[in-house]
Amino acid sequence: MEADWDEIADWYTALVRGGSAMHQFSRDILLNALPDRMIGLDVLDVGCGEGIVSRALAAAGARVVGIDPTRTLITHAEAAEAAHPAGVTYRVDDGTTLHTVADDSVDGVTAALSLNNIADLDAALRSFRRVLRPNGFLSFTVPHPCFDAPGAETISTSSGMRRAAGDYFAEGLWRSAHPHSVRRAGNYHRTISAYLTAVMDHGFALRGCGEPAPGDAVRAEVPHRLGLPPFLLVSAVLA
Ligand SMILES: C[S@@+](CC[C@H](N)C(=O)[O-])C[C@H]1O[C@@H](n2cnc3c(N)ncnc32)[C@H](O)[C@@H]1O
């Protein structure tokens, strides 16, 4: 039977809270791409999961709402908030509709590793545009599309374990068969140009695009990613 996010929610929470270097790296590169001064800004963290990025946004001074459609993850996020209050509000909601979020109500939207879990990118971007105030920002990360396309795998070569590229042009849903891959819950692959074009088509002006190089902690955790950027980072503002 195919896994979904509810089924892997406990596993994912344990992975992130167990100190996953990849998730800390993903959080840190996203935070680094945000405006220098976050104090008092209303930020919506879309696909917040158990709350790793929401908590960091709050620590930077933002007023944060984290939304996610996976009830179990929101329960984990709320439990962490109850145990160590960071000032984050969590709600079950879907990034493609944002029913719980009013028009023109946030200064920024973050989406860490969540847009690749959303089938309808246009609907998500339309919702982001609706809830953002004028000049609001959007910053998101996705697994780097060049190295996490359908069929991408880690193979043994004469120079060690290496990442083999998959079918880059095969956009759409795919699932990893690996029992410890997040992508066993499904992943919507898109090319880099598909992401950037969609962002611009929905009225955002691109402000930055990054492929940050991992540090020692990530390289130690996932040595087969040696020399590769694990994530694509995109920053834009509502034009
Ligand atoms: C890889 S996790 C990332 C979670 C968190 N941002 C982090 O960095 O750990 C992907 C998240 O996307 C969420 N997701 C799936 N479908 C979604 C949707 N339609 N709208 C918003 N989030 C969604 C999942 O529930 C999951 O929490």
Side-chain angles (χ1 to χ4, degrees), residues 2-34 43-59 64-81 86 88 90-101 106 108-128 130-131 138-145 148 173-176 178 180-190 212 218 221-222 230-234:
E2 291 174 342
D4 63 20
W5 266 102
D6 261 310
E7 284 162 13
I8 72 165
D10 291 340
W11 169 86
Y12 185 75
T13 299
L15 173 74
V16 173
R17 294 186 183 170
S20 160
M22 282 280 265
H23 289 86
Q24 291 172 5
F25 181 60
S26 145
R27 172 198 61 197
D28 294 346
I29 62 174
L30 186 57
L31 266 286
N32 282 341
L34 300 181
V43 179
L44 179 71
D45 187 28
V46 172
C48 62
E50 59 70 56
I52 181 174
V53 170
S54 302
R55 290 188 292 273
L57 291 165
V64 186
V65 172
I67 68 98
D68 200 290
T70 306
R71 175 74 252 180
T72 310
L73 287 170
I74 290 295
T75 300
H76 282 302
E78 287 172 336
E81 178 66 28
V88 181
Y90 294 102
R91 296 200 288 256
V92 173
D93 200 350
D94 190 305
T96 60
T97 51
L98 297 177
H99 283 311
T100 68
V101 188
V106 300
V109 169
T110 54
L113 307 178
S114 55
L115 287 179
N116 54 299
N117 288 276
I118 292 179
D120 191 342
L121 179 63
D122 286 319
L125 290 169
R126 252 193 315 277
S127 294
F128 298 173
R130 175 180 66 75
V131 302
L138 166 64
S139 287
F140 68 87
T141 53
V142 289
H144 198 296
D148 277 286
L173 180 66
W174 68 280
R175 285 174 196 279
S176 169
H178 195 288
H180 300 299
S181 170
V182 177
R183 254 75 80 194
R184 69 187 190 274
N187 184 74
Y188 292 92
H189 171 68
R190 300 178 180 95
V218 170
E221 186 175 275
V222 281
F231 306 117
L232 174 69
L233 167 69
V234 176

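Indexing begins at 1, ligand by ligand and atom by atom, following the structure's order.
Short contacts between ligand 1 and Gly95, defined as distances under 4.0 Å to a heavy atom of the residue, involve ligand atoms 18 (C), 20 (N), 21 (C). Listed by atom number, the atoms of ligand 1 under 4.0 Å from Thr70 heavy atoms are 24 (C), 25 (O). Per-residue contacts place Gly49 under 4.0 angstrom from the following atoms of ligand 1 (heavy atoms of the residue considered): 4 (C), 27 (O). Shown in contact with Ile52 at under 4.0 Å from a heavy atom are these atoms of ligand 1, numbered in order with element: 7 (C), 8 (O), 9 (O). Annotation for ligand 1: atoms under 4.0 Å from non-hydrogen atoms of Cys48 are 5 (C), 6 (N). Interface atoms of ligand 1 facing Ala112, defined by a heavy-atom separation under 4.0 Å, are 3 (C), 5 (C), 6 (N), 8 (O). Which parts of ligand 1 touch Leu73 is read off a 4.0 Å heavy-atom cut-off, strictly below it: atoms 25 (O), 26 (C), 27 (O). In the vicinity of Ser114, heavy-atom distances shorter than 4.0 Å reach the ligand 1 atoms 12 (O).
Using modelled atom types and a 3.5 Å distance limit, the side chains of Thr110 and Asp45 yield a donor-acceptor pair. Donor-acceptor pairing under 3.5 Å is lacking for the side chains of Arg184 and Ser176. Inspection of the Asp6 and Thr70 side chains reveals no N or O donor paired with an N or O acceptor under 3.5 Å.
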CA sep, side-chain torsions, deciding dist, call: Arg55, Glu50, salt bridge (charged side-chain N to carboxylate O under 4.0 Å, His left out): CA-CA 10 Å; Arg55 290 188 292 273; Glu50 59 70 56; 2.8 Å; yes
Candidate pair Cys48 and Ile74, rule side-chain contact (heavy atoms from CB on, under 4.5 Å), full reasoning: CA-CA 8 Å; Cys48 62; Ile74 290 295; 3.7 Å; yes
Check against side-chain contact (heavy atoms from CB on, under 4.5 Å), Leu30 and Leu233: CA-CA 7 Å; Leu30 186 57; Leu233 167 69; 3.9 Å; yes
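Protein heavy atom nearest atom 4 (C) of ligand 1, with residue, atom name and distance: Gly47 O, 3.3 Å. Protein heavy atom at the shortest distance from atom 9 (O) of ligand 1 is Tyr12 OH, 2.7 Å. Of the protein's non-hydrogen atoms, Ile118 CG1, 3.4 Å is the one closest to atom 18 (C) of ligand 1.
Between Ser26 and ligand 1 there is no heavy-atom distance shorter than 4.0 Å.
Taking the ring centre of Trp5 as origin, the terminal cationic atom of Arg71 falls outside the region bounded by 6.0 Å and 45° from the ring axis.
Considering Val16, Thr13, Ile8 as possible partners of Leu73, the one that fulfils the side-chain contact (heavy atoms from CB on, under 4.5 Å) test is Thr13.
Taking distance alone, with nitrogen or oxygen atoms compared against 3.5 Å, Val46 stays at or beyond that limit from ligand 1. In terms of N/O distances under 3.5 Å, ligand 1 is approached by Asp94. Backbone and side-chain nitrogen or oxygen atoms of Thr96 are examined, and none is located within less than 3.5 angstrom of a nitrogen or oxygen of ligand 1. Checked against a 3.5 angstrom limit, the closest N/O atoms of Ile67 and ligand 1 fall outside it.
Across Asp68, Asp6, Val92, Val182, heavy-atom proximity to atom 24 (C) of ligand 1 is greatest for Asp68. Among Asp93, Asn117, Leu15, the residue whose heavy atom lies nearest to atom 16 (N) of ligand 1 is Asn117. Among Pro69, Ala9, Ala124, the residue whose heavy atom lies nearest to atom 17 (C) of ligand 1 is Pro69.
Two rings, from Tyr12 and His23, have their centers less than 6.0 Å apart.
Judged by distance alone, with hydrogens and angles left aside, the side-chain atoms of Asp93 form no donor-acceptor pair with the main-chain N or O of Ile67 at under 3.5 Å. Here the side chain of Arg27 pairs no donor or acceptor atom with the backbone of Met22 at under 3.5 angstrom.
Taking the side chain as every heavy atom from C-beta outward, Asp148 and His189 never approach each other to under 4.5 Å.
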